[in-house]
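Only one structure is covered here, and it is reproduced in the block below.
Atoms within each ligand, like the ligands themselves, are counted from 1 in listed order.
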Amino acid sequence: MKFSWRVLVLWTLPALVIGFFFWQGAFANTPADMGKNAASTRMTYGRFLEYLDAGRVTMVDLYEGGRTAIVEAVDPDLENRIQRVRVDLPVNAPELISKLKAENVSFDAHPARNDGAIWGLLGNLIFPILLISGLFLLFRRSSNLPGGPGQAMNFGKSRARFQMEAKTGVMFDDVAGIEEAKEELGEVVTFLKQPEKFTAVGARIPKGVLLVGPPGTGKTLLAKAIAGEAGVPFFSISGSEFVEMFVGVGASRVRDLFKKAKDNAPCIIFIDEIDAVGRQRGAGIGGGNDEREQTLNQLLTEMDGFEGNTGIIIIAATNRPDVLDAALLRPGRFDRQVMVDAPDIKGRLEILQVHARNKKLDQSVSLEAIARRTPGFTGADLANLLNEAAILTARRRKEGITLTEIDDAVDRVVAGMEGTPLVDSKSKRLIAYHEVGHALIGTLVKDHDPVQKVTLIPRGQAQGLTWFTPSEDQGLISRSQLKARITGALGGRSAEEVIFGRDEVTTGAGNDLQQVTGMARQMVTRFGMSDLGPLSLESQQGEVFLGRDWTTRSEYSESIAARIDSQVRAIVEECYKNALQMMRDHRSLMDRLVDLLIEKETIDGEEFRRIVAEYAEVPEKPQYVPSL
Ligand code: ADP
Ligand code: MG
Ligand code: ZN
């Protein structure tokens, strides 16, 4: 190919400009030796203290007179890999040093160095020199070599971003609760181990398997387990890493990846988040993304380019198979799809058993009870749950994890960190009435999930919380269940209004109202549960700006839009009227419950029901589950 100046300028200029900023950036970092430690991730101080208590911190380097620290910690989420993170320390934390001593953590302080200025100057000088010689080199290489500019600008190659693990160390035993997926993929292991079995009878070994499922269900883990069981290397890359700012990088990464894989066959190539590259071509605002399309084309070409029997099997993962380009899914590419769903109760128990293997559990803990309490949790949630419980156990200096820690960890995983309770005040009373309002409707309305507990201890964003026990079967929800949920969600606001009056209601109900409106709207537009009749007027709302979604937005006339709005209003108004009535009917019961709640901070579901039963009839609920 002939060397072209236009291409050279096109490529080098942006690269050099960007390079210059990187160069400057390297010296802009005040403590000069902090740059080399480049701990890009941060950890909050509170989290750091927890890690410290749990004995996970191995080393602490203090910088900037003790205002910043680079912390080396073992991260249980990353298979106990050592992780370096940056922690901003509060100015007044003298007790930290004694704590570090007590925990026997090695630490060191680094004074700020003053040679930044010299380096800055040198940097400013060196860059132009590099620039000039760089240009020169580029020019020479380009004109001498037959490869032309392609050779000189092989960005993708030098920054290969895929990872290779010779041995993943993960086995099928480490993956639990997704038996069907495991069974289907067991065959893939045989393809890799004994391909002769299939080729002897003329069978073509599939090239690609697509794992489809929500995040955290164990797709990555499953792919690693296949490599582990077959004893082959594991190459992995994430779809988003293909798509970068330099045009052509994605495609060349695909080439590199397949080349490396061919050299190491038999092996597994794992492409995570394939929807990032594999979205339908020619869609999205602005006619799609050229870079992504080139990458996708390259991927398709590579997949066609090797015979099914070379011993490479490509496993891709996504949670949005609907947006994938049809070309990826046709036979000979990702023609096998395996669903990886959130586990049911039995699956959750098995996953808990896997993750409890290396944890010290108190004898009183029943994994079954935990599995029962965690509908909707994925494998990753459950792993996280046990880990949080272990951290709490270490913090409380207990021998083994007890039910209290598990219970607290569930709350924490679902609703966030616990805050300090409010002091007694008018707003605390208002929050108490708000929560009792939710809980009262949850108890009195037959189709509502039963109350598990009501609490005034803040968590995450919420000042108070009412927990309900969700039913195991989350598949089909009836109209009356939806209306019960809407009424329950309005319980907080209606209590505020009945007790404190219209002018005193607060912003605390904002979140509730958002949910209410969302549910009511879906009843009308998606589930055909209003007077508009059984019509589906809107599909599930996704991001409109990427991929195929753009073209499938539903359309209806203005007059239908107005009728939708009035139907939504009608549903919400009816539910709100009922909620208000219930509050007025049980005024003295509410006063009593609120007094108790303020005194105890938390009332559990059983006690709550017992008190309500003294005043009104409490309906039986099928999914009633004893709390832990
Ligand atoms: P995904 O790739 O589907 O988002 P991962 O495979 O990355 O999920 O799961 C994250 C972590 O959660 C795993 O490393 C594992 O510890 C835990 N996990 C998830 N699913 C399972 C499962 N089915 N069995 C055991 N552990 C699981
Ligand atoms: Mg993953
Ligand atoms: Zn509320």
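- A donor-acceptor pair under 3.5 Å links the side-chain atoms of R348 to the main chain of T374, judged by distance alone.
- For the ligand labelled ligand 1, residue A317 lies outside the 4.0 Å heavy-atom shell.
- Closest approach of L385 and V413 over heavy atoms only: CA-CG2, 3.9 Å.
- At least one N or O atom of H355, backbone or side chain, sits closer than 3.5 Å to an N or O atom of ligand 1.
- Taking the six-membered ring where the residue is Trp, H448 and F468 present tilted rings, their angle falling between 30° and 60°.
- Residue contacts with ligand 1, taken as heavy atom pairs separated by less than 4.0 Å, involve L221 via backbone and side-chain atoms alike.
- Remark: D411 engages K453 in a salt bridge, criterion side-chain N to carboxylate O under 4.0 Å.
- Between the choices V354, V170, D174, the shortest heavy-atom distance to atom 25 (C) of ligand 1 belongs to D174.
- Checking T295 against Q298 by side-chain atom types alone, no donor-acceptor pair falls below 3.5 Å.
- Counting heavy atoms from C-beta outward, M417 and R412 have side chains that approach closer than 4.5 Å.
- Among heteroatoms of the N, O or S kind in D512, OD2 lies nearest the Zn ion (ligand 3).
- For ligand 1, the atoms sitting less than 4.0 Å from at least one non-hydrogen atom of P215 are 4 (O), numbered in the order shown with element in parentheses.
- Close approach to I178 involves these atoms of ligand 1, each under 4.0 Å from a residue heavy atom: 23 (N).
- The ligand atoms of ligand 1 that sit less than 4.0 angstrom from a heavy atom of V175 are 23 (N), 24 (N).
- No other N/O/S atom of H434 lies as close to the Zn ion (ligand 3) as NE2 does.
- Annotation: F270 is in aromatic contact with F234 [ring centroid separation under 6.0 Å].
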